[in-house]
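Below, chain A is the first sequence line, B the second, and so on; all start at residue 1.
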Amino acid sequence: MSSNDIDIHHLGAAYALDALDERERMAFEAHYPSCEVCRADVLAFRATLSQVAAAQSILPSPTLKGRVMAEIAQTRQLSPLLPDRVTDLAERRRRRTMGGFLAAAAAVVLVISGALVLRGGDPPAYAEALAEVLGQPDARVLTLDAGDRRAAGDGGVVKVAWSSTGRMAVLVADGLPTAPDGAAYELWLIADGEPQPMNVLEAAADGELRVVLDIDDSPDSWGVTIEPADGSPAPTGEILFLGTV
Amino acid sequence: MGVLRLGRAARADVAEGDVPDPLGGLLRQAGRGDHEAFAQLYDELAPMVVGVVLRVVRDPSQSEEVAQEVFVELWRLAARYDGMKGSVASWAATMAHRRAIDRVRSEQSARNRVAREVSNLVPDHDDVVERVETTLDQARVRRALDMLSPLQREALELAYFGGHTYREVAVLLDVAEGTVKTRIRDGMIRLRDELGGAQ
């Protein structure tokens, strides 16, 4: 991390309590997987809090279990992460000594509902970009609205962090459903009412995506539509996600 | 209503050291699509998940929705669980609290906090909901919370149960953000030392 080197190591407790605002949460999530002290803090504080949570135990309503079981019967499970893509600490140390080569190779951090899985090299390329963006005084973070699909729980989550003065944006998406054959997600930066095509988004099979983008304009809104696989110069498909600044 | 005792399995401190996580096997089975294993996992985790969600969200029907989301998420992600990153109970508690917070914060931005202010007038659910008897756990946690300074405890409870960010806690307590950050951190370290949590 660049801007808050001293502070960020003290955020583990507030993070474990879910007491960071969105901007700090993103910054900390980009930081702590590669910081041994913070990772140990988060792990220990979460274990502690799970005991506090257990002490709140109450009898669930008798109908809840039936509803849960009915819903999971219709819910597809995600595949496991393959062992060679999950990097343990020793492996990461080894890689670090190999220099930045692997780090540059599209490293990705997945943040899944609080569980964190590291893939690829260390530090993740997007994390550095995110730290740079969030270090700018005009940094903004926006969670795009997925409309009705959010309620249905199957639309995924798309967040964008950007800095207009830094001319950079980082998109963080989780749980995106696979686009239909021959189609792709496309991201739009909308400035002065004009949508500018940013990128065709290709989510991994597991629906996760981290993209670093150069931006020229200050956005009024961000949107994601579904488009032909090669992308479109202007949006034609349904707006799946929209966030207004 | 009968009294349900939480077994050892629902305790959060069992993942320490060499002790195998008793829920790990159930979760692995669930990750392979085993509904029966997931049903058992539900039985073990539901009192904690529902309890912590209700404590944060307050509204019983919304709490049920959130608890249901948490279990569906556990099901979806079961095969991705990594025991190196904490016990199953700890994972579930993290997910439950995060989801509850997300619900409260989106409500807050939508309704501009009015609902929460009203719900704060409703008596604490201690008085209205039948608790699961987890005598030992509850006594340990209560004792550990009692060890905190009043200010540490207040800051922690406003954050964890109140769903406020530490910046909001600073406003609520009318102290500097840095002070709240320190209190929260010192309070969590003390709790950790009292309750365990080292992995």
* Asked: Taking C-beta and beyond as the side chain, do B/K85 and A/V42 meet within less than 4.5 Å on heavy atoms?
  -> no

* Structure fact -> Under 4.5 Å to a heavy atom of chain A? For B/A46 that would be both

* Side chain, backbone, both or neither of B/V141 within contact of chain A (heavy atoms, under 4.5 Å) -> side chain

* **B/R28, CZ: over 12 other non-hydrogen atoms inside 6.0 angstrom** => no

* To do: Start with the C-alpha gap between B/F38 and A/M69, add the side-chain angles, then the distance that decides, and say whether side chain to side chain contact (heavy atoms under 4.5 Å, CB included) holds.
  => CA-CA 8 Å; B/F38 189 77; A/M69 296 308 291; 4.0 Å; yes

* Structure fact -> The interface call for B/L158 against chain A, heavy-atom contacts under 4.5 Å, is neither

* Just how far is it from atom CZ of A/R67 to atom CD of B/Q68, taken to the nearest 0.5 Å? -> 5.5 Å

* Under 4.5 Å, counting heavy-atom pairs only, tell me which of B/A159, B/A78, B/G31 racks up the most with chain A. => B/G31

* B/Y42 versus chain A, the contacting section by heavy-atom distance below 4.5 Å -> side chain

* Structure fact -> Rounded to the nearest 0.5 Å, the OG atom of A/S57 sits from the CG atom of B/L45 at a distance of 9.5 Å

* Asked: Roughly how far apart are A/D41 CG and B/R192 CZ, rounded to 0.5 Å?
  -> 6.5 Å

* To do: Let me see the working for A/E22 and B/R105 under salt bridge (charged side-chain N to carboxylate O under 4.0 Å, His left out), right down to the final yes or no.
  => CA-CA 11 Å; A/E22 186 143 37; B/R105 298 216 177 127; over 6 Å; no

* Asked: Roughly how far, to the nearest 0.5 Å, is OH of B/Y160 from CG of A/D18?
  -> 8.0 Å

* Structure fact -> Of A/A19, A/A14, A/A13, A/P80, the largest count of non-hydrogen pairs under 4.5 angstrom with chain B goes to A/A19

* Side chain, backbone, both or neither: which part of B/A30 has a non-hydrogen atom closer than 4.5 Å to chain A? -> backbone

* Structure fact -> Applying a strict 4.5 Å limit to non-hydrogen atoms, the region of B/R183 in contact with chain A is neither

* Most chain B-contacting option - heavy-atom pairs closer than 4.5 Å, from A/I72, A/V68, A/L11, A/L20 -> A/I72

* **Working for salt bridge (charged side-chain N to carboxylate O under 4.0 Å, His left out), residues B/D102 and A/R25** => CA-CA 13 Å; B/D102 285 349; A/R25 187 201 273 191; 3.6 Å; yes

* Asked: What's the spacing between B/T94 OG1 and A/F45 CZ if we round to 0.5 Å?
  -> 13.0 Å

* Structure fact -> What one should report as the nearest heavy-atom pair of A/H10 and B/R185 is ND1-NE, 3.3 Å

* Using the side chain to side chain contact (heavy atoms under 4.5 Å, CB included) rule, take B/M188 and A/L49 through it: C-alpha gap first, then chi angles, then the decisive distance, then the call. => CA-CA 9 Å; B/M188 279 306 299; A/L49 287 170; 3.7 Å; yes

* Interatomic spacing from CZ in B/R80 to CD in A/Q77 - rounded to 0.5 Å -> 11.0 Å

* After noting the C-alpha distance and the side-chain angles of B/M84 and A/L43, does the key distance pass the side chain to side chain contact (heavy atoms under 4.5 Å, CB included) rule? -> CA-CA 9 Å; B/M84 295 299 290; A/L43 205 60; over 6 Å; no

* Which of the residues B/A93, B/A155, B/A79, B/G187 is involved in the greatest number of heavy-atom pairs with chain A at under 4.5 angstrom? -> B/A79

* Ignoring hydrogens and angles, tell me if any N or O in the side chain of A/Q51 forms a donor-acceptor pair with the backbone of B/L195 under 3.5 Å. => yes

